[in-house]
Amino acid sequence: MPLIRDSLIELIREGIHQAQAANVLPDFEPPDFVVEHPKQATHGDYATNVALQSARLARMAPRAIAQAIVEHMPLADYIGRVEIAGAGFINITLAPEWVAQQVETIQAAGATWGNLDIGTGQKAQVEFVSANPTGPLHIGRTWGAVLGDTIANLLEAVGYKVTREYYFNNAGRQMQILGKSVRARYMELIGKPATFPEDGYQGEYIWEIARTIVQEQGDAWANEGWRPFKERAEAWLFEDIRNTLARLGIHFDVWFNEHDLYTSGAIERTVQALRERGYAYDKDGAVWFRATAFGAEKDRVLIKSTGEPTYRLPDIAYHVNKLERGFDRIVNIFGADHKDEYPDVIAGVRALGYDADRIQVVIHQFINLVRGGRQVRMSTRRANYVTLDDLLDAVTITHPESGVTIPGKDPVRFMLLTRSPDSPMNFDLDLVAQQTPENPVYYVQYAHARICSILRKAEEEGWHPTGPDGWETSDTTILTHPAEQALIKKMLELPEVVENAVQKLSPHQLSFYAMDLASTFHTFYRDCRVLSSDPGEKDRTRARLKLVGASRIVLARVLGLMGMTAPERM
RNA sequence: GCCCCCGUAGCUCAAAGGAUAGAGCGCCUGACUUCGAAUCAGUAGGUUGCAGGUUCGAGUCCUGCCGGGGGCACCA
């Protein structure tokens with residue numbers, strides 16, 4: 001079934017056509033118009049500004065246009081009332097009987113509720129995190145991690161076959177410094193003279209890696225250069241990064257290694273192809289990319305006069321590789337520091353004749369770490385950062401009474417998903433430390449736990465979902481109470497929220513929807529007693545249990561899309 | 001100097017060019033003998049950084065300015 005919103009747009013377009021055919025409206029091309037959920041409940045469930053948008057084209061008063069559209073648009077079974085209001089808005093209210101019946105639809109869809117057929121049969125790839133293995137993941141990386149994983153979840157929900165990919169640079173100078181840093185600590189541990197590199201990594205983890213090597217090798221590496229230390233450190237850090245990401249609920253399908261682009265010859269082929277097409281040339285001993293051919297201010301160096309490629313070359317080769325793997329849609333999650341870089345990559349891909357429109361980039365701003373009211377600048381090199389592991393430890397809470405533990409990924413993911421990626425974020429460590437149960441994260445989860453509690457209680461009292469008289473088979477058309485209707489309508493919005501979030505690559509809409517849904521459920525809970533021992537209320541109890549069951553499905557689904565747990569008790 | 005993002009309630013943040021700018025936290029008031037009070041109902045809190053412009057209509061689009069962040073490499 002198409003989205004109600006899209007279906008309404010069709011009906012309205014048809015209304016315009018019919019009115020034009022009847023000469024009630026003059027001929028004009030219907031403008032782009034929106035069908036949205038009005039802020040005010042008295043304005044119905046959906047509203048459109050089509051008449052206002054058409055006023056100039058039709059040379060008529062908006063209200064008169066609205067009148068003509070309303071009189072000529074076909075009705076559907078889900079439409080209850082159509083009204084003209086204000087300056088010329090058309091307000092549409094859903095039919096209560098139809099709404100009530102939709103509980104059945106949601107129950108039948110189960111865990112697939114909210115899924116759409118946008119990318120069915122297509123392959124998508126999301127590249128995110130992609131931090132170089134020079135240290136543990138810090139808080140600054142967390143936003144990209146959560147954004148990428150949630151966008152991947154959303155793409156899966158709309159039908160794409162999704163590959164989650166982590167690209168890491170293990171060929172550059174930073175890795176060499178890492179190796180030298182570890183080597184220096186190692187030498188110190190086995191009592192050999194060593195000088196720590198001036199620009200070395202100062203974190204405690206360098207000592208840990210060195211101690212690991214001492215355990216494994218004793219002093220056998222005393223005469224080794226930095227290379228084996230770099231190899232061992234890289235492996236150690238990857239283990240660490242992988243574990244940290246797993247705690248966030250993130251699992252990658254592909255760990256793409258920059259080094260492979262060299263060994264496979266992809267780098268060489270990329271330069272060659274650019275040369276052949278006239279987009280690469282030699283100057284001052286370096287190889288340049290003709291970025292100006294694609295609107296850039298100046299050309300960029302691909303290979304330095306020292307013979308080393310700049311980051312641009314492997315990045316272009318990598319994206320060519322992605323496209324050759326046949327992805328229909330490629331999403332990159334970058335921090336704001338890469339904002340001016342990716343146009344070069346896109347240009348490079350385009351220069352080689354590939355369809356760069358398949359590539360989308362989500363840029364997120366930086367996390368501004370605040371402690372004691374002051375900004376903390378993060379730097380891996382100077383070991384001035386808060387690790388994601390430490391953060392996850394700090395926000396994992398166990399409720400003293402129930403003994404239920406809510407993993408740290410829940411508040412972390414939720415918090416990051418209440419921000420638009422465009423908006424810079426202040427992350428106050430003092431506030432994180434004094435986590436309270438009043439956090440909206442727990443508000444949403446509490447609604448789910450409360451639902452589970454009702455269903456448990458129902459079970460105890462003999463109300464079963466299946467079997468003879470099971471509530472899953474109940475007739476829900478009696479659910480006409482305003483709180484029941486409001487709850488069902490809110491659940492019906494999920495597919496639209498998913499569609500919006502995918503289209504705008506803005507997963508933060510999920511968290512606001514989740515809070516809204518939880519709130520609507522809590523209001524229903526207050527107004528509508530579910531379990532009744534009155535024999536005359538049997539049908540109502542069964543129908544409401546079906547509604548509660550559907551609410552659980554939708555809440556769990558949203559939490560799942562956000563990568564959070566849906567606790568049955570807390 | 002040039003380019004990009006941001007500026008909305010005390011704080012953290014939402015808001016397809018639409019109707020009276022919304023949540024959460026915090027403040028204040030009330031509600032547990034009843035399916036979970038991690039809840040609910042209510043109060044207070046705003047010149048959407050400033051000044052112009054476009055539009056029937058601007059937090060949203062355009063111009064200028066102020067403030068914060070990011071970039072402007074033969075670093076990644």
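Per chain, numbering begins at 1; letters A, B, ... match sequence-line order.
Within the structure, ring-ring contact (aromatic ring centres under 6.0 Å, His included) contacts touching residues 413-432 of chain A (residues at least two apart or in different chains) do not occur. The salt bridge (Lys or Arg N to Asp or Glu O under 4.0 Å) analysis of residues 406-424 of chain A, with sequence neighbours excluded, yields the pairs D149(A)-R413(A).
Sequence order on RNA chain B of the closest nucleotides to C528(A) and I303(A) puts C528(A) first from the 5' end. Sequence order on RNA chain B of the closest nucleotides to N169(A) and V530(A) puts V530(A) first from the 5' end.
Look at H43(A) and the base of A19(B); the rings stack, centres closer than 5.5 Å and planes less than 30° apart.
Using a 4.0 Å heavy-atom cutoff across all strands shown, M415(A) reaches no nucleic acid atom at all. Across all strands, D284(A) comes closer than 4.0 Å to base atoms (heavy-atom distances). As judged by a 4.0 angstrom heavy-atom cut-off over every strand, N49(A) is placed among the base-contacting residues. When heavy atoms are screened at a 4.0 angstrom cut-off, R5(A) is found touching base atoms of the nucleic acid. No contact: A458(A) has no heavy atom under 4.0 Å from any strand. A449(A) comes within 4.0 angstrom of a nucleotide base, judged by non-hydrogen atoms across all strands. Contact annotation for C452(A): no contact, since no heavy-atom pair falls under 4.0 Å across all strands. Contacts of E460(A) with the nucleic acid, taken as non-hydrogen atoms under 4.0 Å apart, are absent. Using a 4.0 Å heavy-atom cutoff across all strands shown, F366(A) reaches sugar-phosphate atoms only and no base atom. Heavy atoms of R569(A) sit under 4.0 angstrom from at least one base atom. Here S305(A) lies in heavy-atom contact (under 4.0 Å) with a base. S453(A) comes within 4.0 angstrom of a nucleotide base, judged by non-hydrogen atoms across all strands.
Comparing G45(B) with G24(B), their C1' atoms are spaced 15 Å from each other, to the whole Å. Between the P atoms of U8(B) and A44(B), the separation comes to 23 Å (whole Å). The same atom, C1', is picked in U55(B) and in G69(B); the two are 32 Å apart, to the nearest Å. Spacing of C1' atoms, G46(B) relative to A15(B), comes out at 15 Å, to the nearest Å. Taking atom C1' on both nucleotides, A73(B) is separated from A16(B) by 40 Å, rounded to a whole Å. When the C1' atom is used for both G22(B) and A9(B), the distance is 10 Å, rounded to whole Å. For the P atoms, the distance from G42(B) to U47(B) is 25 Å, rounded to whole Å. Comparing A19(B) with C27(B), their C1' atoms sit 31 Å apart, to the nearest whole Å.
Residues from residues 505-522 of chain A with heavy atoms under 4.0 angstrom of RNA chain B, sorted by number: H508(A), F512(A), H522(A).
The side chain of N132(A) places no N or O atom within less than 4.0 Å of a non-bridging phosphate oxygen (OP1 or OP2) of A76(B). For the OP1/OP2 pair of A73(B) and a distance below 4.0 Å, the side-chain nitrogens and oxygens of K304(A) include no atom meeting the criterion. In this structure, R56(A) reaches the C56(B) phosphate: one of its side-chain N or O atoms is under 4.0 Å from OP1 or OP2. OP1 or OP2 of U34(B) has not a single side-chain nitrogen or oxygen of Y525(A) nearer than 4.0 Å. Applying the 4.0 Å criterion to OP1 and OP2 of A73(B), one finds that K298(A) has a side-chain N or O inside that range. Phosphate contact (OP1/OP2 of C35(B), side-chain N/O of S532(A), threshold under 4.0 Å): absent. Phosphate contact (OP1/OP2 of C5(B), side-chain N/O of S423(A), threshold under 4.0 Å): absent.
The side-chain hydrogen bond (donor to acceptor under 3.5 Å, both in side chains) check on Q503(A) picks up nothing, with sequence neighbours excluded. For N169(A), the side-chain hydrogen bond (donor to acceptor under 3.5 Å, both in side chains) criterion is met by E258(A), not counting sequence neighbours.
H43(A) and F89(A) have their aromatic ring centers separated by at least 6.0 angstrom. The distance between the ring centers of F334(A) and H364(A) does not fall below 6.0 angstrom. In this structure, F294(A) has its ring center closer than 6.0 angstrom to the ring center of Y279(A). Annotation: F168(A) is not in aromatic contact with F256(A) [ring centroid separation under 6.0 Å not met].
Under a 4.0 Å N-O distance rule, the pair D199(A)/R173(A) qualifies as a salt bridge.
Rounded to an integer number of Å, the gap from CD1 of I363(A) to C1' of C3(B) is 14 Å. Straight-line distance from the NZ atom of K39(A) to the P atom of A23(B): 11 Å, rounded to whole Å. We find that CD of E308(A) is positioned 8 Å from P of A76(B), with the value rounded to whole Å. If you measure from atom CG of L52(A) to atom C1' of C56(B), you get 8 Å, rounded to the nearest angstrom. Rounded to whole Å, atom P of C74(B) lies 11 Å from atom OH of Y281(A). The separation between Y46(A) atom OH and A19(B) atom P is 18 Å, rounded to whole Å. Separating the CZ atom of R526(A) from the C1' atom of A31(B) is a distance of 11 Å, rounded to the nearest angstrom. Between the CH2 atom of W471(A) and the C1' atom of C35(B) there is a distance of 14 Å, rounded to whole Å.
Between H508(A) and F512(A), the ring-plane angle classifies as perpendicular under the 30° and 60° cut-offs. Under the 30°/60° scheme for interplanar angles, the aromatic rings of Y318(A) and Y167(A) are found to lie parallel.
For R450(A), counting side-chain heavy atoms from C-beta on, the closest listed nucleotide (G70(B), A41(B), G36(B)) is G36(B).
For A38(B), its base never sits under 3.5 Å from the side chain of Y442(A) at any donor and acceptor pair. In terms of polar N and O atoms assigned as donor or acceptor, the side chain of N91(A) comes within less than 3.5 Å of the base of A19(B) in a complementary pairing.
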Determine, stepwise, if the pair T396(A) / I406(A) fulfils side chain to side chain contact (heavy atoms under 4.5 Å, CB included).
CA-CA 6 Å; T396(A) 299; I406(A) 303 292; over 6 Å; no
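RNA chain B contains the following stems of three or more consecutive Watson-Crick or G-U pairs, with both distances under 3.5 Å: B:1-7 with B:66-72, B:10-13 with B:22-25, B:28-31 with B:39-42, B:49-53 with B:61-65.
Side chains of P309(A) and L302(A) form no contact here, defined as non-hydrogen atoms less than 4.5 Å apart.
Side-chain N or O atoms of T292(A) include none that pairs as donor or acceptor with a backbone N or O of D299(A) at under 3.5 Å.
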